[in-house]
Structures are given as C-alpha cells and as structure tokens.
**Q** 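Before I ask anything, here is the structure I am working with.
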Amino acid sequence: MQSQDPNRPAPPVVDDISKQIIAQLQEDGRRPYATIGKAVGLSEAAVRQRVQRLSDSGVIQIVAVSDPLQIGLFRQAMVAITVDGPLDPVADALAEMDEIEYVVLCAGRFDVLCEVLCADDEALLDVISNRIRTLPGVRTAETLVYLKLRKQSYQWGTHRR
C-alpha cells in the first residue's frame with residue numbers, strides 16, 4: 001500500500017449519488033436542481049447542497065465550454081516539451097500564457113504537454129518560437145498541429161471505477 005503525500009489533501013469521497021449528480025450536470029450544466037433531484041432521488045435542496053459542496057471542494061466546476069473555431073481560434077496544437085532541470089518552473093510559466101489551455105507533467109519521452117489555441121499559424125509560430133522555446137529549461141518543443149477534432153468529451157469520472 002502506498003503512503004499518501006502529507007502535503008496533498010485527501011481526495012474527497014464522492015458517493016454514487018454525487019456521481020449521478022455529476023453525470024447529470026455533465027450532460028447539461030444548466031439542468032434544474034429539481035430535475036436532477038427527480039433523476040437521483042433527492043430533493044431540490046439536497047441536490048443544491050451537494051452541488052455546492054462538490055464545487056467548493058474543487059471536485060467540479062460548472063463552466064461554459066466554447067468551440068474554439070466558433071470564437072476565432074482556428075489553429076490548435078499540442079506541444080510536447082522536454083526539459084533540462086526541474087519541471088515545475090517550466091510548467092508554471094506555460095500555465096501563465098493566455099494561449100495555453102492545458103498543461104500536464106508526464107512520464108515517458110516528454111516531460112510536459114501543453115495545448116495551444118491561437119487565431120492562426122502566425123500566432124502559433126510566435127507562441128512556440130518566441131515564448132515556449134525561449135523559456136529557461138526547455139530543451140525541445142515538438143508541435144503536433146490539430147487537423148480535425150474527432151471527439152471531445154467532458155463525461156469522465158462518473159461511470160468508471
């Protein structure tokens with residue numbers, strides 16, 4: 001059995017009812033609490049309280065998800081980065097860039113992956129060449145340009161164990 005990192009908070013316990021509520025909100029983040037309550041067998045007030053607790057604890061966020069193409073972000077890419085030295089300073093600097101929507105530290109061939117959304121190729125070139133590649137510690141940055149989005153889902157975590 002692995003010991004838990006003492007600096008990391010224990011993950012909140014999410015029971016089956018909370019998972020059902022999350023699944024309802026993943027289908028429609030604006031679904032009324034009364035409708036969710038009927039689906040999961042709770043009162044509207046009980047659903048409201050659970051959603052508030054899930055939100056306050058960071059288990060869920062309720063946000064609007066836009067289609068990047070519909071708002072003028074026509075060039076999207078994943079940038080796979082190898083780093084010399086500590087990963088956190090590079091990841092933190094990437095996370096501060098407005099054009100970068102996703103940053104993850106990983107194991108394997110690359111150390112950091114980030115998703116970049118820009119208006120066009122010129123803007124993508126600027127982010128990669130002048131901002132990412134010039135960060136202290138960045139050894140390489142391999143860019144994988146998206147040609148077509150086949151699937152994007154936000155329904156994880158409720159139906160898997």
**Q** May I ask you to list the residues sharing a hydrophobic cluster with Leu147, side-chain cutoff 4.5 Å, ordered by chain and number?
**A**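 None; Leu147 is a cluster of one.
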**Q** If every non-hydrogen atom of Ala123 is compared with every non-hydrogen atom of Ala119, which pair is closest and at what distance?
**A**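 So the minimum-distance heavy-atom pair works out to CB-N, 4.3 Å.
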**Q** What pairs with Arg131 under salt bridge (charged side-chain N to carboxylate O under 4.0 Å, His left out), at least two apart in sequence or on another chain?
**A**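 Partners of Arg131 under the salt bridge (charged side-chain N to carboxylate O under 4.0 Å, His left out) test: Glu99.
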**Q** Once salt bridge (Lys or Arg N to Asp or Glu O under 4.0 Å) is applied, what residue pairs with a partner in residues 29-39 remain, sequence neighbours excluded?
**A**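 Output for this query lists Glu27-Arg31.
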**Q** Is the shortest side-chain heavy-atom distance between Ile21 and Gln24 below 4.5 Å?
**A**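 Answer no - side chains too far apart.
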**Q** Test of understanding: with side chain to side chain donor-acceptor pair (under 3.5 Å), list the residues that count as partners of Thr140, not counting sequence neighbours.
**A**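 With sequence neighbours excluded, Thr140 shows a side chain to side chain donor-acceptor pair (under 3.5 Å) to Thr82, given in chain and number order.
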**Q** Can you list the residues that meet the side chain to side chain donor-acceptor pair (under 3.5 Å) rule with Glu115, with sequence neighbours excluded?
**A**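 Residues passing side chain to side chain donor-acceptor pair (under 3.5 Å) with Glu115: Tyr146.
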**Q** Can you find a pair of side-chain heavy atoms, one from Ile22 and one from Val14, that are under 4.5 Å apart?
**A** yes
**Q** How long is the gap from CD on Gln26 to CD1 on Ile60, to the nearest 0.5 Å?
**A** 9.0 Å
**Q** Any chance you could measure Asp121, atom CG, to Arg75, atom CZ, to the nearest 0.5 Å?
**A**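 That separation rounds to 4.5 Å.
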**Q** Hydrophobic cluster mates of Leu87, side-chain heavy atoms under 4.5 angstrom, ILVMFWY only, any path?
**A** Val79, Ile81, Val83, Val90, Leu94, Met97, Ile100, Val103, Leu105, Val112, Val116, Leu124, Val127, Ile128, Ile132, Leu135, Val138, Val145
**Q** Hey, could you give me each pair passing salt bridge (Lys or Arg N to Asp or Glu O under 4.0 Å) that has a residue in residues 137-146? Not counting sequence neighbours.
**A** Asp84-Arg139, Arg109-Glu142
**Q** Among residues at least two apart in sequence or on other chains, which ones pass side chain to side chain donor-acceptor pair (under 3.5 Å) with Asp98?
**A** none
**Q** Is there a path from Leu117 to Tyr102 through hydrophobic residues (I, L, V, M, F, W, Y) whose side chains come within less than 4.5 Å of each other?
**A** no
**Q** When rounded to the nearest 0.5 angstrom, what is the spacing between CZ in Arg133 and OG1 in Thr143?
**A**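 Rounded to the nearest 0.5 Å, the CZ-OG1 separation comes to 6.0 Å.
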**Q** With sequence neighbours excluded, what pairs up with Asp92 under the side chain to side chain donor-acceptor pair (under 3.5 Å) test?
**A**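 Asp92 satisfies side chain to side chain donor-acceptor pair (under 3.5 Å) with no other residue.
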**Q** Asp88: what forms a salt bridge (charged side-chain N to carboxylate O under 4.0 Å, His left out) with it, not counting sequence neighbours?
**A**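 Residues passing salt bridge (charged side-chain N to carboxylate O under 4.0 Å, His left out) with Asp88: none at all.
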**Q** Where do Leu149 and Lys151 come nearest, in terms of heavy atoms and distance?
**A**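 Smallest heavy-atom distance, with atoms named: CD1-O, 3.5 Å.
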**Q** For Asp126, is there any backbone N or O sitting under 3.5 Å from a side-chain donor or acceptor partner on Ser129?
**A**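 The answer is no, because no donor-acceptor pair under 3.5 Å joins these two groups.
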**Q** Show which side-chain atoms of residues 42-51 pair as donor or acceptor with protein atoms under 3.5 Å away, not counting sequence neighbours.
**A**
from  : atom 1 : to    : atom 2 : distance (Å)
Ser43 : OG     : Ala46 : N      : 3.0
Glu44 : OE2    : Arg48 : NH2    : 2.8
Arg50 : NH1    : Asp15 : OD1    : 2.9
Arg50 : NH1    : Asp15 : OD2    : 3.1
Arg50 : NH1    : Ser18 : OG     : 2.9
Arg50 : NH2    : Asp15 : OD2    : 3.4

